Trainee: 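Quick one: structure below, then a few questions.
Bear in mind the structure is a predicted one, so any value in this text is a computation, not a measurement.
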There are 2 protein chains.
Amino acid sequence: MSDKKPTINDVARQAGVSKRTVSRVLNGSASVGERTRILIQQVIEKLDYSPDKQARGLASSRSYLLGLIYDNPDALYIDQVQRGVLDICTRRGYELVVHPCQYQSKNLVQESLSFIRRSRIDGVIVLPPVSESRELAAALREEGCQYVRMASVDLDDHANIVVSDDRAAVSEMARYFVSLGHQHIGFISGPLNYRSSTERLEGFRDSLRAQGLDLTQDSIAEGRNSYDSGLECANRLLSQNPRPTAIFANNDEMAAAVLRVAVSMNIRVPEQLSVAGFDDNILASRIIPSLTTIQRPVAAMATLAAQKIIQAIESHGNQVQRDDFLVKPHLIIRESAGPYSDN
Amino acid sequence: MSDKKPTINDVARQAGVSKRTVSRVLNGSASVGERTRILIQQVIEKLDYSPDKQARGLASSRSYLLGLIYDNPDALYIDQVQRGVLDICTRRGYELVVHPCQYQSKNLVQESLSFIRRSRIDGVIVLPPVSESRELAAALREEGCQYVRMASVDLDDHANIVVSDDRAAVSEMARYFVSLGHQHIGFISGPLNYRSSTERLEGFRDSLRAQGLDLTQDSIAEGRNSYDSGLECANRLLSQNPRPTAIFANNDEMAAAVLRVAVSMNIRVPEQLSVAGFDDNILASRIIPSLTTIQRPVAAMATLAAQKIIQAIESHGNQVQRDDFLVKPHLIIRESAGPYSDN
DNA sequence: TTGTATGCGTTATCAT
DNA sequence: ATGATAACGCATACAA
């Protein structure tokens, strides 16, 4: 059963041509006779031949490996990205190598370069918040490694980034809150040294202002995107008098923390307090009350990123598609937000 | 800046030896003079040389790539496994290539082999429920590809498997339920064609029986491990009269569904109904009431699997460690279960 | 203990 | 349009 894996030589021999010609059809060279091309393809099919990536890479100094660099602990997000990327790259002949890292580490750049070099990774997709690192992007460029960043802000050449329009999304949320009648709104932000955090904070604030409402400094609590930090922030916000009638959190984890604190303080949601999050992770639809939130088209972003990076790798410096880089998240309305109605 | 990456030849030249000798120290051969070894290592360090995986693999027909095959949609689980595996394999010079698949697909085996062949994957770690596939394991063995299965049942040579003792864990849960005073207990199982499901069902039932209680056929509902199926099962179980005072679900997703149904039926948890799940996924600690559940030491299982597979790859057929293959999950007590106390 | 020569499966440089 | 042949960077029989 263990027929050795067929090589390009086997194909060449059975087709009665030289391996160079087989190589030509493999790489889609134009200068191959129509009938020989067909013949060779038949032999390839018959032998179930596929070129060896190692040898191919050794000769062409490529690996057919894509890397995924990330730190963000939201597992659902990562899983969706992986599947989205694989959906594209498998059919284009690439594999995906994962590389969790630590955004805050001082060795981030060095560590990432080491990862890329030791396997000759052809290109990497970088997830937030690591994607916000200016240094890493610069190092990648210098290394000659193709990359695509996924982010919430437009901070690179459009060939190298896929961004979700978080500003528009939180703006929609702000309008929704106001439409429900809320005037005193609390905001739990992410770490303010993350661009994604400031972008959402500003977007939300600007939208409120446009509707004649103010997001005062008192109504803003800076979290760390973790559940625990969400508890702290919620406690602070809900201890105020008067307290906000609605709270928007930078992610679902922290929104879930708000729900928890509300329960402990005997505040009914959504009657006495509206809550909303960001991400639409698994928590959002399962928790009780279910969470009104914002959903990014993660899989779409991932496939787009994969397409971009493969295109960049294979176009080898020629012009690439730059228009298609922006996706729009949308509001998911569930149970945790509603009009204030304290009967 | 772009000094070309140094090769084994560069090292050999600067050290004034042949590449064969350099190769020897790279692979830890014993027969190398002490001073030459040291000299060579110094040169390697100085040049920041590391052997090229592609070339190395081409010559030795290995890839230094590990594969991760899975279908299970619990993202948290997958993420934990990835990090656990990487923790080991990166430092041993391997990379991890991910491969989501469809357990139910008729092409599972063929598809997996294709994955392995096209990148010459050295070994794969297979996650449940795919790990239960007898056919896949057989195909892997025949292909000569090393593998380690992660499972809930001991269904392979101990060199090829890491199992969590789910039976012991659910047994502990059953005892806990009984200790709380429950007599009428419901059970929402996973698909009964999964060994993990039957194992947990039997373990739970046996433990109840040992305590003089019966798990009647009426008290068992077969779910599909999904939230929606959990809703259906919970509805059925809770519509019975008298209804169970406690329900154990095969995973947290379905347990969360029970909580949802309880709310809709105005049943208070845990006062009127105790609920428990399995997995301790992110949901479990965030949902209100938080979920009593069972936690598997996933990261530990993953590192163990990684160690086993690398050992198998590098021992090339020699004896390998077989003792260490079993891990013990443990009970996590939270809010969703307690004594019945309908005041 | 060390070195020489060959092969791994491709791509790429030349011819023809 | 097609074909010899040399890289690519390393491991490994086989010598010495």
Trainee: Once each nucleotide of nucleotides 6-16 of chain D is scored for protein heavy atoms under 4.0 Å, what B/S/- sequence comes out, 5' to 3'?
Mentor: --BBBBBB---
Trainee: Which donor-acceptor pairs under 3.5 Å do the side chains of residues 101-113 of chain B make with protein atoms, sequence neighbours left out?
Mentor:
{"from": "B:Ser105", "atom 1": "OG", "to": "B:Asn107", "atom 2": "N", "distance (Å)": "2.9"}
{"from": "B:Ser112", "atom 1": "OG", "to": "B:Leu108", "atom 2": "O", "distance (Å)": "2.7"}

Trainee: Could you note down all residue pairs passing side chain to side chain donor-acceptor pair (under 3.5 Å) where residues 75-85 of chain B supplies at least one of them, sequence neighbours left out?
Mentor: A:Tyr70-B:Gln82, A:Gln82-B:Gln82, B:Asp79-B:Arg83
Trainee: Is B:Leu66 close to B:Ile310 at the side-chain level, that is, under 4.5 Å between some pair of heavy atoms?
Mentor: yes
Trainee: Quick one: does B:Val124's side chain get under 4.5 Å of B:Leu68's, heavy atoms only?
Mentor: no
Trainee: Verify whether one side chain among B:Arg56 and B:Ser60 offers a donor that lies under 3.5 Å from an acceptor in the other.
Mentor: no
Trainee: Could you check whether any side-chain heavy atom of B:Pro128 comes within less than 4.5 Å of a side-chain heavy atom of B:Met150, counting everything from C-beta outward?
Mentor: yes
Trainee: For DNA chain D, which residues of residues 41-48 of chain B approach it to below 4.0 angstrom with any heavy atom?
Mentor: none
Trainee: Using the salt bridge (Lys or Arg N to Asp or Glu O under 4.0 Å) rule, collect all pairs that involve residues 28-47 of chain B, keeping only residues at least two apart or in two chains.
Mentor: none
Trainee: Is the shortest heavy-atom distance from the side chain of B:Arg149 to the side chain of B:Val163 under 4.5 Å?
Mentor: no
Trainee: Under 4.0 Å from a heavy atom of chain A: give me the 5'-most and 3'-most nucleotides of DNA chain C that qualify.
Mentor: C:dG9 to C:dT13
Trainee: Out of curiosity, B:Asp122 CG to B:Tyr64 OH, how far, rounded to the nearest 0.5 Å?
Mentor: 7.5 Å
Trainee: Between D:dT2 and A:Ser18, is there an OP1 or OP2 to side-chain N/O distance shorter than 4.0 Å?
Mentor: no
Trainee: Hey, does B:Ser61 reach any base, or is it just sugar-phosphate, or nothing, if we go heavy atoms under 4.0 Å?
Mentor: nothing
Trainee: Can you name the closest pair of heavy atoms from B:Leu155 and B:Ser131 and give their distance?
Mentor: CD1-O, 4.4 Å
